[in-house]
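Below is a structure I'd like to ask you about.
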Amino acid sequence: EVQLVESGGGLVHPGGSLRLSCAASGFTVSSNYMTWVRQAPGKGLEWVSVIYSGGTTYYADSVKGRFTISRDNSKNTLYFQMNSLRADDTAVYYCTRARGGSSGWYFDYWGQGSLVTVSS
Amino acid sequence: DIQLTQSPSFLSASVGDRVTITCRASQGTSSYLAWYQQKPGKAPKLLIYGASTLQSGVPSRFSGSGSETEFTLTISSLQPEDFAAYYCQQLNSYPPSFTFGPGTKVDIK
């Protein structure tokens, strides 16, 4: 059974750092495209980052230069290092598996979400 | 980047109603559109990908259609568990990024 279990969220002051983890089971993280999607309180969904199976990474402009997506193949775990956090980074962060091909790209499995609150 | 709009933003419906949600893209996006359902406090759930392919395990009352710039999600007979928010999503090719529509909330009349 495919599962994504997130951890690492919490309250952090503006300018601070936090690292989210997403432990996967039922499939191999390094063989798939993995993403982070966030949702600010009461708002819609916003894609923020992707890591390809080959290791290439991309970021939304809103987090570029501040956040880093990575993975540990030995632990089958995805990470999201968030630095220089701002109040508008406050959101629930979801890790997802991305699938794609002739039917486009979509997110077929989601973690339970990890709340990050940036406040003084 | 391609922008997505959804209509309506909110709709009130009764159990058994036929419900249609529209997603429009600012540029043609072939058939690369997915739909998600999100209930309060829960992670989104994939319903449809490739504009019309039902994800495994999703009830057949859900269907999707459309191409290029206009897509629809239809619920043929609304059930109590279908009251939720629905989002469309597509891929921007380069640089790679993913865009979500603003969402449609389906509420009980």
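Here the structure is a predicted model, which is why all the values come from computation and not from measurement. FYI, side chains are in, hydrogens and waters are out, and symmetry mates aren't considered; it's all heavy atoms of this structure.
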Consider only side-chain heavy atoms of I, L, V, M, F, W and Y, link residues closer than 4.5 Å, and tell whether A:Trp36 and A:Trp110 are in one cluster. no
With a 4.5 angstrom heavy-atom cut-off, which part of A:Tyr106 approaches chain B: side chain, backbone, both or neither? both
Go through B:Gln38, B:Lys45, B:Gln90 and name the one with the most non-hydrogen pairs under 4.5 angstrom from chain A. B:Gln38
Counting only heavy atoms closer than 4.5 Å, note whether A:Val92 contacts chain B via side chain, backbone, both or neither. neither
Sole candidate of A:Phe107, A:Tyr33, A:Tyr59 that passes ring-ring contact (aromatic ring centres under 6.0 Å, His included) when paired with B:Phe98: A:Phe107
All heavy atoms of A:Gln39 vs all of B:Tyr87, minimum pair found to be NE2-OH, 3.4 Å
So what's closer than 4.5 Å to chain B heavy atoms on A:Glu46: side chain, backbone, both or neither? backbone
If you group Ile, Leu, Val, Met, Phe, Trp and Tyr by side-chain heavy-atom gaps below 4.5 Å, do A:Tyr94 and A:Val118 land in one group? no
Cluster check B:Tyr36, A:Met34: I/L/V/M/F/W/Y, side chain < 4.5 angstrom: no
Part of A:Tyr52 lying under 4.5 Å from any heavy atom of chain B: side chain
Are there over 12 heavy-atom neighbours, none belonging to A:Lys64, within less than 6.0 Å of that residue's NZ? yes
Report the distance from atom CH2 of A:Trp47 to atom CD of B:Gln89, rounding to the nearest 0.5 Å. 11.0 Å
Under a 4.5 Å side-chain heavy-atom rule over Ile, Leu, Val, Met, Phe, Trp and Tyr, are B:Leu11 and B:Phe71 clustered together? yes
ILVMFWY network linking A:Leu78 to A:Leu20, side-chain heavy atoms under 4.5 angstrom: yes
Leading residue by heavy atom contact count with chain A [cutoff under 4.5 Å; candidates B:Gly103, B:Gly41, B:Ala43, B:Pro44]: B:Pro44
